[in-house]
S.K.: 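Sharing a structure here in structure tokens format.
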Amino acid sequence: MRSFLNGPSFSVPGGSMEEDKPLRERYSSEITPEDFGTKLAVAGWLQDVRNLGGIAFLQLRDRGGVLQVTAIKKEMGPEGFRELVELPRESVITVTGTVQENNQAKAGFEVLPSSWELLSRAEVPLPLGVVDKVGADLDTRLDNRFLDIRKPEVAAIFRLRSILTEGLRRSLVDQGFVEVATPKIVSAGAEGGATLFKLDYFGKPAYLAQSPQLYKQHLMATGLDRVFEVAPAFRAEPSDTSRHLAEFTSLDVEQAYVRTSEDVMVTVERMTVDGIRYMIEGGQELLDQLIVRLDVPPQPFRRIPYDECIDMLRGDGADVPEDAEMGTEHEKALGQLVHQRWGEDFYFITDFPTRYKVGTFYAHRHEDRPELTGYFDLGVRGLEIASGGKREHRLDVVTAQMEEGGLRPADFEFYLKAFRYGMPPHGGFGYGLERLLQVLLGLSNIRETVLYPRDRQRLVP
RNA sequence: GCCCCGGUAGUGUAGCGGCCUAUCAUCCAGGCCUGUCGAGCCUGGGACCCGGAUUCAAAUUCCGGCCGGGGCGCCA
């Protein structure tokens, strides 16, 4: 099969006689025995040179892997040989040469160069070695992210992220959801202003959206009925942990005509399972590369009411105070308990007590037990991935709950207006894409899942 | 915002009052080698975050700042 990259080559202004030659005719991974004996152009980063004197082995890395270019001094002449093997590591070159079968080369073949061209010389020393035999701190890696991502095992994370996102998206589309885009520059936050980034909007105060909450509910009054969005959310929380970001990707879903939160959980469950299955099927090699073994989680996910979670923890000897919400330590312990008891990693914590959801004015409370909401969290091995539930669609009740939470309904007029002229019962959830990827790949820091993470200190790159 | 720990060559580290002209690896430079693939061997190069204080003496102790790591709170 020919590479999709085969096509007219670009001519470089002021280029040489070779300007009509393609820079690359094959990725390293595309070369097959059919190519043996033919002359081809390959290109990439020169990741290492093993110069033995009369012969030198050059490791050329491209997106598909690494191939070996074998330079022989007697055939190239001492000057040409010297020029090629003394190039700094990570320089970009194109090499045209004969592909030759050779079992002594790792890939089973090598390229004997007949001509080559330096496309970009790398400076020395590298601020971060790509194939060095020593590690580097995450901070150093992030400062030099473009080099970091040259490492196949780092690139694998972002390829898997792409596949996972596509899988989640496909599942939602299959379930009849419409992808939407809501504004990220907003006049009010979903739950007060403490965690909002403030900015100047043509002289008016505005904020970066911490959540599309108000807008996706707004859309429930439009007849689109089922919407979702994959977009950045901004939180000015001064959080310094391995699972928080100031800018993260929120997968938000909202659906109309739900009876209970159970209807929403079904959507979460299906989307999660579909997304993971898609990633496993499409990304098996990448997962192997990261030494990650993943199975599609069994359905249904266990539903455990909040109060039962507390009982489980106490039964296990944990000290959970009567009037305090579960902390991180308890969430982690719960994840372990669920795993020990049932061998399951995905579970819903359901029916959150109303007293912990006072700020969540849009949460629907059980008619018969107003001290409980229908709200749930999706927990995965102790990490909170998503939360949501049935919303309150009655104007008078939403307004009352808003006031109860210390918010002024007048500040949310655009939102409340949509409740006045026919608002169906609805529900939805917010889902942390990076959190899911983090727990699936077993990454110790959420920053690993973001190309250019934003946290309390980091604004560059 | 709170608590704990840290900042030593490009990278990752050892050293934690005088044995420091600062360890090791990687890296870089030069040399040898026609089958390397964690290449090998020889020679050389490169660093104590910033400011102040204590002391005969500070990489090492103290104070302040900046930066980083972990945890908590909060959350996705």
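Chain letters run A, B, ... following the sequence lines, proteins first and then strands; every chain starts at 1.
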S.K.: Rounding to an integer number of angstrom, what distance separates B:rG46 and B:rU36 when you compare their C1' atoms?
M.R.: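 Roughly 28 Å separates the two C1' atoms.
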S.K.: Provide, to the nearest angstrom, the distance between the CD atom belonging to A:Glu331 and the C1' atom belonging to B:rG73.
M.R.: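 Nearest whole value for this atom pair: 12 Å.
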S.K.: Pairing check on B:rU34: which nucleotide meets the Watson-Crick or G-U wobble criteria with it, both distances under 3.5 Å?
M.R.: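 B:rU34 is unpaired by these criteria.
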S.K.: Atom CZ of A:Arg235 to atom C1' of B:rC74: distance rounded to whole Å?
M.R.: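 Going from A:Arg235 (CZ) to B:rC74 (C1'), I get 10 Å.
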S.K.: How does protein reach along nucleotides 22-38 of chain B, written 5' to 3' as B (base within reach of a heavy atom under 4.0 Å), S (only sugar-phosphate), or - (no contact)?
M.R.: ---BSSS----BBBBBS
S.K.: For nucleotides B:rG12 and B:rC37, find the distance between their P atoms and express it as a whole number of Å.
M.R.: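 My reading of the P atoms in B:rG12 and B:rC37 gives 27 Å.
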S.K.: Tell me the partner of B:rG6, counting only Watson-Crick (N1-N3 plus N6-O4 or O6-N4) or G-U wobble (N1-O2 and O6-N3) with both under 3.5 Å; none if nothing fits.
M.R.: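 The base-pairing partner of B:rG6, which may sit in any strand shown, is B:rC67.
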S.K.: Distance between the P atoms of B:rG17 and B:rC2, in whole angstroms?
M.R.: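 My reading of the P atoms in B:rG17 and B:rC2 gives 31 Å.
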S.K.: Classify the nucleic acid contact of A:Arg141 as base, sugar-phosphate or nothing, counting any heavy atom under 4.0 Å across all strands shown.
M.R.: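 No contact.
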S.K.: Check every strand shown and say whether A:Leu433 touches a base, only sugar-phosphate, or nothing at a heavy-atom separation below 4.0 Å.
M.R.: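 It contacts nothing in the nucleic acid.
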S.K.: Select base, sugar-phosphate, or nothing to describe what A:Gly135 touches, counting heavy atoms under 4.0 Å on all strands.
M.R.: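 Sugar-phosphate contact only.
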S.K.: Applying salt bridge (charged side-chain N to carboxylate O under 4.0 Å, His left out), can you list everything that pairs with A:Arg243, at least two apart in sequence or on another chain?
M.R.: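 Expected list: none.
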S.K.: Under a 3.5 Å cut-off for both distances, is B:rG1 Watson-Crick or wobble paired, and to whom?
M.R.: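 With both distances under 3.5 Å, B:rG1 matches B:rC72.
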S.K.: Distance between the P atoms of B:rA59 and B:rA53, in whole angstroms?
M.R.: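 Each nucleotide's P atom is 15 Å from the other's.
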S.K.: With salt bridge (Lys or Arg N to Asp or Glu O under 4.0 Å) as the rule and sequence neighbours excluded, what pairs involving residues 425-454 of chain A come up?
M.R.: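 Passing the test, one end in residues 425-454 of chain A: A:Arg141-A:Glu448, A:Arg161-A:Glu434, A:Arg447-A:Asp455.
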S.K.: Using the C1' atom as the point on both nucleotides, what is the distance between B:rU8 and B:rU26, in whole Å?
M.R.: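 Roughly 16 Å separates the two C1' atoms.
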S.K.: Partners of A:Tyr356 by ring-ring contact (aromatic ring centres under 6.0 Å, His included), sequence neighbours excluded?
M.R.: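 By the ring-ring contact (aromatic ring centres under 6.0 Å, His included) rule, A:Tyr356 matches A:Tyr306.
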S.K.: Determine the interatomic distance between C1' on B:rG70 and the same-named atom on B:rC28; round to the nearest Å.
M.R.: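 Those two atoms are separated by 34 Å.
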S.K.: Which of parallel (below 30°), tilted (30 to 60°) and perpendicular (above 60°) describes A:Phe109 and A:Phe36?
M.R.: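 It falls in the tilted class, 30° to 60°.
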S.K.: Rounding to an integer number of angstrom, what distance separates B:rA39 and B:rC50 when you compare their P atoms?
M.R.: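 B:rA39 and B:rC50 have their P atoms separated by 35 Å.
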S.K.: To the nearest Å, how far apart are A:Leu58 CG and B:rA39 C1'?
M.R.: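 Taking CG of A:Leu58 and C1' of B:rA39, I get 14 Å after rounding.
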S.K.: Heavy atoms under 4.0 Å is the rule here; annotate nucleotides 64-72 of chain B 5' to 3' with B where the base is hit, S where only the sugar-phosphate is, and - elsewhere.
M.R.: ---SS-SBB
S.K.: How are the rings of A:Phe348 and A:Phe301 set to each other: parallel, tilted or perpendicular (split at 30° and 60°)?
M.R.: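 Ring orientation, 0 to 90° scale: tilted.
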S.K.: Could you tell me which nucleotide pairs with B:rA29 by Watson-Crick or G-U wobble geometry, both distances under 3.5 Å, or answer none if nothing does?
M.R.: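 Per the H-bond distance test, B:rU43.
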S.K.: Under 30°, 30 to 60°, or over 60°: which ring-plane class applies to A:Phe228 and A:Phe177, parallel, tilted or perpendicular?
M.R.: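 Rings of A:Phe228 and A:Phe177: perpendicular, over 60°.
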S.K.: For the pair A:Thr354 (side chain) and A:Leu372 (backbone), establish whether a donor and an acceptor sit closer than 3.5 Å, ignoring hydrogens and angles.
M.R.: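 Side chain of A:Thr354 to backbone of A:Leu372: a pair is present.
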S.K.: Distance check, C1' atoms only: B:rA47 and B:rA22, in whole angstrom units.
M.R.: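 Per the computed distance, 9 Å lies between those C1' atoms.
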S.K.: So, A:Asp132 side chain and A:Val134 main chain: donor-acceptor pair closer than 3.5 Å or not?
M.R.: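 No, A:Asp132 side chain to A:Val134 backbone: no donor-acceptor pair under 3.5 Å.
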S.K.: Would you list the pairs meeting salt bridge (Lys or Arg N to Asp or Glu O under 4.0 Å) in which at least one residue belongs to residues 118-127 of chain A, sequence neighbours left out?
M.R.: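 Of all non-adjacent pairs touching residues 118-127 of chain A, none passes salt bridge (Lys or Arg N to Asp or Glu O under 4.0 Å).
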S.K.: Would one find a side-chain N or O of A:Thr140 under 4.0 angstrom from OP1 or OP2 of B:rU11?
M.R.: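 Result: no.
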S.K.: Only pairs with both distances under 3.5 Å count, Watson-Crick or wobble alike; so what is the partner of B:rC56 in this structure?
M.R.: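 Here B:rC56 is engaged in a pair, and the nucleotide opposite it is B:rG18.
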S.K.: Do A:Gln59 and A:Gln47 have side-chain atoms, one donor and one acceptor, less than 3.5 Å apart?
M.R.: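 Yes, because at least one side-chain N or O of A:Gln59 sits under 3.5 Å from a partner of the opposite role on A:Gln47.
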S.K.: Provide, to the nearest angstrom, the distance between the CD atom belonging to A:Glu254 and the P atom belonging to B:rA76.
M.R.: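 These atoms are roughly 14 Å apart.
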S.K.: Please answer whether the main-chain N or O of A:Gln210 pairs with a side-chain N or O of A:Arg235 as donor and acceptor at a distance below 3.5 Å.
M.R.: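 Yes, A:Arg235 side chain to A:Gln210 backbone: donor-acceptor pair under 3.5 Å.
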